[in-house]
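These notes are about the structure you will find just below.
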Amino acid sequence: MSGERSTSARDVFRAPKGTHDILPPASRRFSGFVDAFSGRADQFGYGLVVTPIFEHLEVFLRVGESTDVVTKEMYEFDDKGGRRLALRPEGTASVVRAFVEHRPTEPWKVWYSAPNFRYERPQKGRYRQHWQVGAEVIGSPDPDLDIEVIDLATGFFAALGLSRVRLKLNSMGDAESRAAYIGRLRAFLEPHVSTLGDDFGRMLANNPLRILDSKDPAVIDVVERAPQLPEHLSAEASAHFEQVQEGLQALGIPFELDPRLVRGFDYYTGTTFEFAAESLDAAQDAIGGGGRYDGLAAEMGGPAVSGIGFGIGIERALLACDAEGVFAVPAAPLDVFVIDRRIDVAGTAAAVILHELRVEGLTAEKAYGGRSEKAQWKLAARHEARFTVVLDSSAAELIVRERSTGEEHTVPRELVVGWLYERASGSAIPSGGLQGRRP
RNA sequence: GUGGCCGUAGCUCAGUUGGCUAGAGCGCCGGGUUGUGAUCCCGGAGGUCGGGGGUUCGAAACCCCUCGGUCACCCCA
């Protein structure tokens, strides 16, 4: 059999497996999330970086050739020019590639909001296309930056209203201490291969650190007695890690040391961290994570500089917000709704008022398609319009109803835009606005 | 990729051992009442019962395949 599937029209004209559409009004929450992150990143001095959603395959191979994300889950394809490309499975590699390519001034502090793609079996909080916001700093090993990015993320969660997010912290050590530790770990675990099976043996050969993260009770039992990562750091790596912890304490950011925290990408060195939402099931409770990466830029042909960053999964973080009942983003009330009472009269009067209001920056809406007056009032209510303007057959004067007070005013047509602007914004239209320009 | 559970209207669901024209609430549309938009009342639209095949006189229901969701594993955001 070929790998091709036959798909009916019904199957094809829907979002592909593991993907989802984000529609209004729910999308308001999505954009609000990104806006909140953008605002905080801006405050911390991070600029937006936008990279392609696909890169040359090699960019992502740097994520780690023994990781599932790269070996099993990547969307790889050849383009018509024969290039080997892949859809971005995670955020950091692309950003480091952009750094290497453009060589901006260091430290380079950037944030992003972008979709990632992984071919895996979907579940709740786990999608083939999921969105992340994240931040990266490339070009400085300063532990203050470890502290800064963690502060950025922690405060962001707090700004969303999340209170049940745990910060787990670990250090992978620098290249030397990491290699030395892997040697010790391997020596310790080797004798257990016979009892723990082939998968264990394979993992031990390919990526022994990942064994530390195992959920298999039998493996955990062994791992608990294994040498621990933080006890085998070089003096330098240890001092760096100490300083990060002191900094977090000084900022009042609670964290817990997790010596078995090993993140899924190979490039991490030194500080690693993960944010776990206590309100979510363990399967999707990792709502963000990151760490320091010393060798990544050099591996892409750039300078041997260190970087640090994190990614936060938007869908999962929003699930956590749901679970905690926070971060509702209600629709902003409309300033003005225009009701056209002259449904039997063809004309542009309502459209013209709408236009003039919008020119002045007010939010304004009307009904479409010759709806009944009652239906129009209902729509105005649904929009929570602060003011409703009723357009009658006498075009010279309009009735304006103020929702909060229930008061009705009769306002001459030529003054109504200015009148509404003043009431809605609390000040007069600057520079006279549209007055007198009415057709 | 492996295994379990699930799939009926836009949404949440009911539908008895297989048997009338497949229902309800919410939402949507129209109308009525009302101190113009709440409440309340009346009416309407909307369904290839996820899709295909099979069993049967008869399938939303039973069987097989498939697509999708969900849970566990794996992995991760």
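Keep in mind it's a predicted model, so treat the numbers as computed, not measured. Just so it is clear: chains get the letters A, B, ... in the order the sequence lines come, proteins before strands, and each one is counted from 1.
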Using the side-chain heavy atoms of [X], tell me which of these nucleotides is nearest: [options].
{"X": "A:Y119", "options": "B:C74, B:G1, B:G68", "value": "B:G1"}
{"X": "A:K374", "options": "B:A77, B:G31, B:G37", "value": "B:G31"}
{"X": "A:R263", "options": "B:U36, B:G37, B:A77", "value": "B:A77"}
{"X": "A:R371", "options": "B:G37, B:G30, B:G1", "value": "B:G30"}
{"X": "A:R382", "options": "B:C75, B:C29, B:C71", "value": "B:C29"}
{"X": "A:A375", "options": "B:U36, B:G30, B:A77", "value": "B:G30"}
{"X": "A:A283", "options": "B:G37, B:U70, B:A72", "value": "B:A72"}

With rounding to whole Å, what would you report as the distance between [N] and [M] at their [atom1] atoms?
{"N": "B:C42", "M": "B:A24", "atom1": "P", "value": "13 Å"}
{"N": "B:C26", "M": "B:C41", "atom1": "P", "value": "9 Å"}
{"N": "B:A9", "M": "B:G46", "atom1": "P", "value": "15 Å"}
{"N": "B:A45", "M": "B:U2", "atom1": "C1'", "value": "46 Å"}
{"N": "B:G31", "M": "B:G37", "atom1": "P", "value": "13 Å"}
{"N": "B:C28", "M": "B:A38", "atom1": "P", "value": "10 Å"}
{"N": "B:U56", "M": "B:U70", "atom1": "C1'", "value": "33 Å"}
{"N": "B:C71", "M": "B:C29", "atom1": "C1'", "value": "40 Å"}

[N] [atom2] sits how many Å from [X] [atom1], rounded?
{"X": "A:K168", "N": "B:C76", "atom1": "NZ", "atom2": "P", "answer": "12 Å"}
{"X": "A:R401", "N": "B:G35", "atom1": "CZ", "atom2": "P", "answer": "12 Å"}
{"X": "A:R14", "N": "B:U48", "atom1": "CZ", "atom2": "P", "answer": "14 Å"}
{"X": "A:W377", "N": "B:G37", "atom1": "CH2", "atom2": "C1'", "answer": "7 Å"}
{"X": "A:F13", "N": "B:G68", "atom1": "CZ", "atom2": "P", "answer": "15 Å"}
{"X": "A:Y268", "N": "B:A77", "atom1": "OH", "atom2": "C1'", "answer": "11 Å"}
{"X": "A:R403", "N": "B:G37", "atom1": "CZ", "atom2": "P", "answer": "12 Å"}
{"X": "A:E373", "N": "B:C29", "atom1": "CD", "atom2": "C1'", "answer": "17 Å"}

Could you tell me whether [X] contacts a base, only the sugar-phosphate backbone, or nothing, with contacts defined as non-hydrogen atoms closer than 4.0 Å?
{"X": "A:R118", "value": "base"}
{"X": "A:I287", "value": "sugar-phosphate"}
{"X": "A:E90", "value": "nothing"}
{"X": "A:Y127", "value": "base"}
{"X": "A:G369", "value": "nothing"}
{"X": "A:G125", "value": "base"}
{"X": "A:F265", "value": "sugar-phosphate"}

Phosphate oxygens OP1/OP2 of [N]: is one of them under 4.0 Å from a side-chain N or O of [X]?
{"X": "A:R126", "N": "B:A77", "value": "no"}
{"X": "A:K378", "N": "B:G37", "value": "no"}
{"X": "A:R316", "N": "B:C76", "value": "no"}
{"X": "A:Q123", "N": "B:A72", "value": "yes"}
{"X": "A:T67", "N": "B:C75", "value": "no"}

Exercise. Compute both the distance and the angle, then confirm whether A:R29 meets the cation-pi test with A:F327: under 6.0 Å from the six-membered ring centre, within 45 degrees of the axis.
Key: no

Self-check item: A:E120 (side chain) and B:A77 (base): donor-acceptor pair under 3.5 Å
Solution: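 Yes, a donor-acceptor pair under 3.5 Å.
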
Quiz item: Can you find a donor-acceptor N/O pair under 3.5 angstrom joining the side chain of A:R121 to the base of B:U2?
Solution: yes

Quiz item: Centroid-to-centroid, A:F200 to A:H192, below 6.0 Å?
Solution: no

Practice problem: Flag the pair A:F275 / A:F156 as yes when their ring centroid distance falls below 6.0 Å, and as no otherwise. | Solution: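 No - the distance between ring centres of A:F275 and A:F156 does not fall below the 6.0 Å cut-off.
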
Quiz prompt | A:P122 vs A:V262, nearer the 5' end of RNA chain B by closest nucleotide | solution =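 On the 5' side of the pair lies A:P122.
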
Quiz item: Of A:K72 and A:T388, whose nearest nucleotide on RNA chain B comes first from the 5' end?
Solution: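 The residue whose closest nucleotide sits nearer the 5' end is A:T388.
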
Quiz item: Should A:E373 and A:R341 count as an ion pair when the cut-off is N to O under 4.0 Å?
Solution: yes

Quiz item: With a 4.0 Å cut-off, would you call A:R292 and A:D146 a salt bridge?
Solution: yes

Let's test this: given Watson-Crick or G-U wobble pairing with both distances under 3.5 Å, identify the partner of [N].
{"N": "B:G25", "result": "B:C11"}
{"N": "B:C62", "result": "B:G54"}
{"N": "B:G30", "result": "B:C42"}
{"N": "B:A72", "result": "B:U2"}

Exercise. Could you tell me whether a side-chain N or O of A:E274 sits under 3.5 Å from a main-chain N or O of A:L167, the two making a donor and an acceptor?
Key: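 No, A:E274 side chain to A:L167 backbone: no donor-acceptor pair under 3.5 Å.
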
Exercise. Give a yes-or-no answer on whether the side chains of A:T67 and A:R210 include a donor-acceptor pair shorter than 3.5 Å.
Key: no

Quiz item: Do you know which of A:R62, A:R97, A:R84 makes salt bridge (Lys or Arg N to Asp or Glu O under 4.0 Å) with A:E55?
Solution: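 Testing A:E55 for a salt bridge (Lys or Arg N to Asp or Glu O under 4.0 Å) against A:R62, A:R97, A:R84 leaves exactly one candidate, A:R97.
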
Exercise. Indicate the ring-plane relationship of A:H20 and A:Y127, choosing parallel, tilted or perpendicular according to the 30° and 60° boundaries.
Key: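 It falls in the tilted class, 30° to 60°.
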
